There are 2 protein chains.
Amino acid sequence: MIKLFENISEKEMLQLKRILRASTFQYPKNINILSNVNRDDFIALIEKGTVELIYTDYEGNKTVIEELTAGEVFGTLTSSIRSEGITCITKEETLITFIEYDQITNDEIIKNDFYIIFVKNLIKILTEQLSTRNIRIELLTKRTTRDKLLAYFKYMDQKTGDGSKTFKLPLTHTELANYLSVDRSAMTRELKYLKEEGFIEQIGKKIILHY
Amino acid sequence: MIKLFENISEKEMLQLKRILRASTFQYPKNINILSNVNRDDFIALIEKGTVELIYTDYEGNKTVIEELTAGEVFGTLTSSIRSEGITCITKEETLITFIEYDQITNDEIIKNDFYIIFVKNLIKILTEQLSTRNIRIELLTKRTTRDKLLAYFKYMDQKTGDGSKTFKLPLTHTELANYLSVDRSAMTRELKYLKEEGFIEQIGKKIILHY
DNA sequence: TGTAAAGTGTTGCAAATGCAACACTTATTT
DNA sequence: AAATAAGTGTTGCATTTGCAACACTTTACA
């Protein structure tokens with residue numbers, strides 16, 4: 001199910017795609033899908049497979065910015081795909097549909113009965129992305145690793161929670177350290193302190209908060 | 001001129017506002033405008049005046065997250081207005097129009113001739129905000145104050161620049177330190193080192209890059 | 001215009017952090 | 001099943017950073 005076409009039937013989706021002049025491509029594993037990207041702004045829908053946005057700095061160090069899977073959407077206006085050092089790599093065989101931004105308001109589409117649902121979906125996707133960005137900024141502006149971790153845990157608890165103060169870490173430590181932009185080993189050290197001081201308990205991937 | 005109604009005449013704007021069930025309020029200076037905010041998601045248009053989004057932490061320290069002026073737009077889905085510790089204060093006499101998100105796709109509005117322009121404007125606003133968030137995240141993930149400053153300067157040069165490697169700082173040092181989430185005095189120190197090592201020159205608010 | 005408020009530059013010091021290196025465990029791949 | 005890659009926990013050490021305090025300048029405003 002593709003977020004952008006939620007509540008739109010298969011048949012209507014195909015029609016909308018045609019009107020939007022969408023084009024679909026299939027990529028093997030480990031392909032840089034935007035190597036020959038043109039100038040126009042676009043949205044990319046991942047129909048099947050996985051794509052990673054990777055940042056490579058001037059020394060060659062690589063960081064995974066985002067992992068995107070089937071149903072998800074990305075594009076020039078929602079991610080900094082055009083920035084220097086950013087590449088977009090398929091992790092497996094992947095099917096992607098591209099829609100040019102200008103087509104989103106073309107003359108034909110606005111007459112379509114499902115346009116209003118399509119627009120609603122698009123706006124929802126954009127505002128959801130804004131929300132995830134705002135949350136990350138809130139975490140990144142914390143000055144210490146401890147504050148970042150505590151704020152992240154609190155957020156995870158609220159998000160997944162039934163008020164149980166218990167949740168499962170959805171990221172590896174390496175990924176979490178990247179997400180919070182701290183050194184992995186320093187983060188592990190801080191986690192140890194938090195456990196020793198009784199702020200949290202950790203059983204495997206499960207975290208229990210005591211604050 | 002309100003971004004959300006760009007390319008829409010005064011007359012049509014009033015009509016759209018009526019269909020969208022928009023309501024306008026006038027606030028004196030230093031008022032917390034969202035003290036009695038309801039549950040529904042909304043967009044707020046600043047018609048006149050200035051509003052600041054302020055974060056107050058558990059110790060009472062305040063940080064200005066965003067300053068918004070006439071023509072700009074904010075809302076529950078684009079800013080973390082609902083988060084704990086966030087307040088929204090008028091800096092002067094301010095006129096604000098509220099539109100509920102659900103109204104953006106109401107039955108009447110989608111028949112309006114100017115709806116398509118309105119939607120285009122809304123999508124443009126959302127993607128612009130996403131872009132500013134992405135840039136800030138890119139800066140905040142730099143590990144050192146030096147890297148944050150160099151990346152910020154590079155960005156400012158690209159943005160305002162004619163390739164002259166010269167631009168005017170649009171923020172006070174205090175504001176820039178908050179934006180980059182570093183200690184102000186430590187930032188001043190780092191700026192001094194950057195000047196001493198010849199990476200930058202600074203004449204008043206003007207910055208000249210040598211890298 | 002005079003006073004209060006906000007911003008700036010500087011510095012010593014303690015604390016937090018990144019870095020590097022290593023051994024070890026867990027996944028993934030062939 | 002063996003081999004390779006990715007992730008984890010730990011530690012010493014150098015560096016960076018935040019913090020606090022202060023004097024001084026600039027801006028805002030009553």
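Here the structure is a predicted model, which means the values were calculated and not measured.
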Exercise: do A/E92 and A/T50 side chains pair donor with acceptor under 3.5 Å: yes

Protein and nucleotides 28-30 of chain D: nitrogen or oxygen contacts under 3.5 angstrom:
none

Parallel, tilted or perpendicular: rings of A/F167 and A/F153 (30°, 60°): tilted

N/O donor-acceptor pair under 3.5 Å between A/K205 side chain and A/L171 backbone: yes

Spatial distance of atom CZ (A/R136) from atom CG (A/L139) [nearest 0.5 Å]: 9.0 Å

Residue pair B/E66 / B/S79: nearest heavy atoms and the distance that separates them: OE1-OG, 3.8 Å

Beyond-backbone contact of A/L180 with A/L149, side-chain heavy atoms, under 4.5 angstrom: yes

Positions of residues 171-183 of chain A (non-hydrogen atom under 4.0 Å from DNA chain D), listed by number: A/T172, A/H173, A/T174

Integer-rounded Å distance: D/dT17 C1' and B/R146 CZ: 14 Å

Heavy atoms of other groups near A/K48 NZ, more than 12 under 6.0 Å: yes

Atom NZ of B/K154: over 12 foreign heavy atoms under 6.0 Å: no

Whole-Å distance separating the CE atom of B/M187 from the P atom of D/dC19: 15 Å

Bend angle of the helix from C/dT1-D/dA30 to C/dT30-D/dA1, from helix axes over five pairs at each end, nearest 10°: 70°

B/L130 and A/R133, any side-chain heavy atoms less than 4.5 Å apart: yes

B/Y101 side chain near B/I43 side chain, heavy-atom distance below 4.5 Å: yes

Which residue lies more 5' along DNA chain D, comparing A/A186 with B/R143 via nearest heavy atoms: A/A186

Nucleotide D/dT16, atom C1' - distance to CD of B/E197 in whole Å: 14 Å

Criterion side-chain hydrogen bond (donor to acceptor under 3.5 Å, both in side chains) on B/T24 and B/T97, from CA distance to verdict: CA-CA 4 Å; B/T24 303; B/T97 297; 2.8 Å; yes

Atom NZ of A/K17: over 12 foreign heavy atoms under 6.0 Å: yes

Using a cutoff of under 3.5 Å, can you pull out all pairs of nitrogen or oxygen atoms linking the protein to nucleotides 4-6 of chain D, with atom names and distances?
none

4.5 Å side-chain heavy-atom contact, B/T160 and B/Y155: no

Pairs under 3.5 Å (N/O, protein and nucleotides 12-14 of chain D):
residue	atom	partner	partner atom	Å
D/dG12	O6	A/R189	NH1	3.4

Over 12 foreign heavy atoms within 6.0 Å of NZ, A/K206: no

Span of DNA chain C, from the first to the last nucleotide whose atoms fall under 4.0 Å of chain B heavy atoms: C/dG7 to C/dC19

Centroid-centroid distance, B/F118 to B/F5, less than 6.0 Å: yes

Donor-acceptor under 3.5 Å (B/E175 side chain, B/T172 main chain): yes

N/O donor-acceptor pair under 3.5 Å between A/N121 side chain and A/E6 backbone: yes

